[in-house]
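Have a look at the structure below before the remarks.
Residue numbers begin at 1 in each chain, while the letters A, B, ... track the order of the sequences.
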2 protein chains.
Amino acid sequence: MPAPLRLGLAGLGTVGIGVVKIVQRHADLLAARAGRPVVITAVSARDRAKARDADLSGYAWETDPVALAERDDVDVFIEVMGGSEGPAKLATEAAIAAGKDVVTANKALLAHHGQALAEAAEAAGRVIRFEAAVAGGIPVIKALTEGLAANQMRRVMGVMNGTCNYILTRMANAGLPYETVFEEARQLGYLEADPNLDVGGIDAGHKLSLLAAIAFGTRVSFDAVELEGIGNVSIDDIRMADDMGYHIKLLGVAQMTGRGLEQRMTPCLVPAESPLGQLQGGTNMVVLEGDAVGQIVLRGPGAGEGPTASAVMGDVMDIARGVRTATFGRPATSLVAAIPAKSATPAPYYLRMTLLDKPGALAKVATCLGEAGISIDQMRQINQPGEDDNAVVLIVTHKAAPADIAHALAAFPVTGVVQGAAVAIRIEEV
Amino acid sequence: MPAPLRLGLAGLGTVGIGVVKIVQRHADLLAARAGRPVVITAVSARDRAKARDADLSGYAWETDPVALAERDDVDVFIEVMGGSEGPAKLATEAAIAAGKDVVTANKALLAHHGQALAEAAEAAGRVIRFEAAVAGGIPVIKALTEGLAANQMRRVMGVMNGTCNYILTRMANAGLPYETVFEEARQLGYLEADPNLDVGGIDAGHKLSLLAAIAFGTRVSFDAVELEGIGNVSIDDIRMADDMGYHIKLLGVAQMTGRGLEQRMTPCLVPAESPLGQLQGGTNMVVLEGDAVGQIVLRGPGAGEGPTASAVMGDVMDIARGVRTATFGRPATSLVAAIPAKSATPAPYYLRMTLLDKPGALAKVATCLGEAGISIDQMRQINQPGEDDNAVVLIVTHKAAPADIAHALAAFPVTGVVQGAAVAIRIEEV
């Protein structure tokens, strides 16, 4: 049997320990499938003394991940430390410079430095693989880069932050406000140290930017992702959208349009009956749309020890089997700088507003919309008990340009009948 | 740029023409992603004169697919003719003997001869790839063989015959009996020339046997698949299962148990709210369960020109990129002969029977079940208008062994209160 593939593992948190467990538990299975043994030779983490749920005594210890990356007895450097700068970046660069292949779960690193790292790796004849960086255990990087490689991709969508989906579905199912569920999630340990990475959509935006690069052959451009978190999603809108047949998701959408590359990670309404609409809790879902294949939907656990380690080790197995596909599916030097679309593709919108309940009020709103070029698909008025002077009005528009929606929202206060600010949420057609 | 990868295409039906269209439409995209041009050099089909929706004038024509497979200007032999014997088998064997890689959409060929073909290919240093043979455009072979390669697989399930799912969902949605919808499907051209391949579960059983080989490292053993088609699924059961919160699917299940390898392709009840339960029409779904990853669900088009050609070309792209993974994910000579499980894993069952509506009738049925060691989870009695002497009784059991269910069914007639044969359908826990 050929020589073992030797792994150097940087990071011994949840994912790193998951990797150790798979390598130890499945030594025979991995060797049978890869045609060669897969072994860990050295590990690295900040605190050697910390109690960990795995036997690390057979591995060399490095305090410095850069030293780990440069070891002669390491073929593949596995980076599961996290962070877009600092040790993760330095060690990944060192691994490439030392002629190692890299497997990483680090979406932030690649969203910010993916282009430079991929170019460096490809110049050195090395590969960087990152299945675990996007949608946890779902093999979506593989599906998109390899399985659908003969498709011109039309659109890529995804619910890719399990914490946000947990919060939104828990709000919906328990009827609780955002702040309460956010606090629950914090106590359950579901939130990153900086919660804005989750609820601000940044983590999911990182993932979307990586998918977009593969799908459209463009350089990763996280800075061009339109980002809006879930902090302003109200329980009222969740309930009322539900009444209209929609669920609210933090949905990532990337598509190449005649106006440029559109990348959005924002709260959207999706039909309650659609696969995206039915997604509950921490589960992730990615929807891939190609010109030949049509629509493929992938669903699975977006985080956790086993799923994320499964993805890391899937990449390791590919390297063990000799797969050498370019990081983003084509040579990094051939990726083009995308022109960001200045505005999103027209879509139906959900509008919620409070109206003075007096004759002619609805007509004024309808006039505003008409003057903005927006036509109405559905309208519903809800008179709230105890608030005799006000009524809540829900509107689902036909497809409208975001600029036209903004125009209408700006005109509402002038009517004198719209109380406070109206809410507008995009309805993504899935 | 390196030399082109040259394709010889045998079969110019729907899938073959889909392949031609992708190669012609996406020449630049394929070259950019593969790092080399991908071109068709020669084609073959039974009838050269037939009108086809593609320009084939640039390709050499072979009447005999074996001659096509042996051409010096062909690197990859694409077999989209179909049929487990005859030309498809001869030409595939000839291609391997002539040192070509093979991409096939032919589930029947591999279900019957996959072991011999894989051994021959691997002995010759060639690859056989068959993404298009299972679940159309869904990259499930790739997900299972590569993406989840670090998992011990626990169970693989799937709705993998779109025609059967179309028939079952159409029966449910329109309230029509099987015979009527079968005839509709025939007129819509949804059925194979031999409809039993579809509605008898054979086609889907072929696919399941291929997934099982990869998942469990066993030789393809289609003959050991427990097969039951959808011909006996009644509209009554579809309706009554729905009332109890279940949908009926032709569901494939493969799992390795202490009693051996279980492979079933049979009508099952699944929870209406589950992803499998919600699957409508011709769409396919595969569920992959691994010890590390948990559950991954893949959904997409199971047939059609674009989706199937997308899968064929995904395999071609892998070959163009130098991917050389073994046919079933490990050397064919290392696959072991599976011991078929003699009976299925215990599961809850749905039972429907007609009872004489007289005192003590239900008690007799409950006694039968109790004596067979079966306990009852739910029971519902439906008195049908106009049939005063009879009542329909629906029972959902707790988990029971198939042999115990058979025992109870055999005992029912002896009670003197069960009219005709009782229906028993397995409820797969998904």
Side-chain angles (χ1 to χ4, degrees), chain A residues 18 21-23 25-26 29-30 32-35 38 131 136-143 145-152 217 273 275 278 288 290-301 304-307 309-314 316-318 321-326 329-331 334, chain B residues 18 21-23 25-26 29-30 32-35 38 131 136-139 141-143 145-152 217 273 275 278 285 288 290-301 304-307 309-314 316-318 321-326 329-331 334:
Chain A
K21 287 181 183 172
I22 289 178
V23 171
R25 184 171 75 235
H26 288 328
L29 186 67
L30 300 181
R33 288 181 177 158
V38 175
E131 186 64 82
I138 304 175
V140 59
I141 299 297
K142 179 168 281 287
T145 314
E146 303 170 24
L148 304 187
N151 286 261
Q152 181 161 11
E273 296 304 308
Q278 288 161 346
L288 305 174
D291 66 342
V293 79
Q295 187 185 74
I296 299 287
V297 179
L298 312 174
R299 173 195 154 113
E305 178 184 299
S310 167
V312 167
M313 288 302 300
V316 167
M317 290 295 282
D318 267 351
R321 286 165 161 168
V323 176
R324 313 287 306 163
T325 306
R330 61 173 83 191
S334 77
Chain B
K21 287 182 184 172
I22 290 178
V23 171
R25 183 170 75 235
H26 288 328
L29 186 67
L30 300 180
R33 287 181 178 160
V38 175
E131 186 64 82
I138 304 175
I141 300 297
K142 179 169 280 290
T145 315
E146 304 170 23
L148 305 187
N151 286 260
Q152 181 162 7
E273 296 304 307
Q278 289 161 344
M285 181 174 285
L288 305 173
D291 65 342
V293 79
Q295 187 185 74
I296 299 287
V297 179
L298 312 174
R299 174 195 153 113
E305 177 183 301
S310 167
V312 167
M313 289 301 300
V316 167
M317 290 296 282
D318 268 350
R321 285 165 162 169
V323 175
R324 314 287 305 163
T325 306
R330 62 174 83 189
S334 76

task = Identify the heavy atoms of A:P301 and B:I296 that sit nearest to each other, and give their distance.
result = CD-CD1, 4.0 Å
note = Of A:G294, A:G35, A:P275, the largest count of non-hydrogen pairs under 4.5 angstrom with chain B goes to A:P275
remark   = Applying a strict 4.5 Å limit to non-hydrogen atoms, the region of A:S334 in contact with chain B is neither
message = Heavy-atom cut-off 4.5 Å, strictly under: side chain, backbone, both or neither for A:L29 against chain B?
response = side chain
request  = Heavy-atom pairs under 4.5 Å with chain A are the metric here; pick the option from B:E131, B:R330, B:R299, B:M285 that has the most.
outcome  = B:R299
request  = For the residue pair A:H26 and B:Q152, establish whether any side-chain heavy-atom pair is separated by less than 4.5 Å.
outcome  = yes
query = What is the minimum heavy-atom distance between B:S310 and A:L148, and which atoms define it?
reply = OG-CD2, 4.0 Å
ask   = Using non-hydrogen atoms only, which part of B:I22 is less than 4.5 Å away from chain A: side chain, backbone, both, or neither?
value = side chain
query = What residue in B:I138, B:V38, B:N151 has the most heavy-atom pairs under 4.5 Å with chain A?
reply = B:N151
task = Below 4.5 Å from any heavy atom of chain A, which atoms of B:Q278 appear? Answer side chain, backbone, both or neither.
result = side chain
ask   = Given a strict heavy-atom distance threshold of 4.5 Å, which part of A:L30 is in contact with chain B: side chain, backbone, both, or neither?
value = side chain
request  = Side-chain contact test, heavy atoms from C-beta onward, threshold under 4.5 Å: evaluate it for B:R25 versus A:D291 and give yes or no.
outcome  = yes
key: Leading residue by heavy atom contact count with chain A [cutoff under 4.5 Å; candidates B:V23, B:T325, B:V316, B:I141]   = B:T325
request  = Output the option from B:G314, B:P331, B:A292, B:G300 having the highest count of non-hydrogen pairs under 4.5 Å with chain A.
outcome  = B:A292
Any donor-acceptor N/O pair, A:R321 side chain to B:G329 backbone, under 3.5 Å = yes
ask   = Where does A:R33 contact chain B at under 4.5 Å (heavy atoms): side chain, backbone, both or neither?
value = both
inquiry  = Out of A:T145, A:V323, A:V297, return the one with the most heavy atom pairs under 4.5 angstrom to chain B.
reply    = A:V297
task = Indicate the atoms forming the closest heavy-atom contact of B:P139 with A:G147, along with that distance.
result = CB-CA, 4.1 Å
query = Most heavy-atom pairs under 4.5 angstrom with chain A, which of B:G304, B:A34, B:A143, B:A150?
reply = B:A150
remark   = If one checks every heavy atom of A:A32 against chain B at 4.5 Å, the contacting part turns out to be both
query = A:D318 versus chain B, heavy atoms under 4.5 Å apart: side chain, backbone, both or neither?
reply = side chain
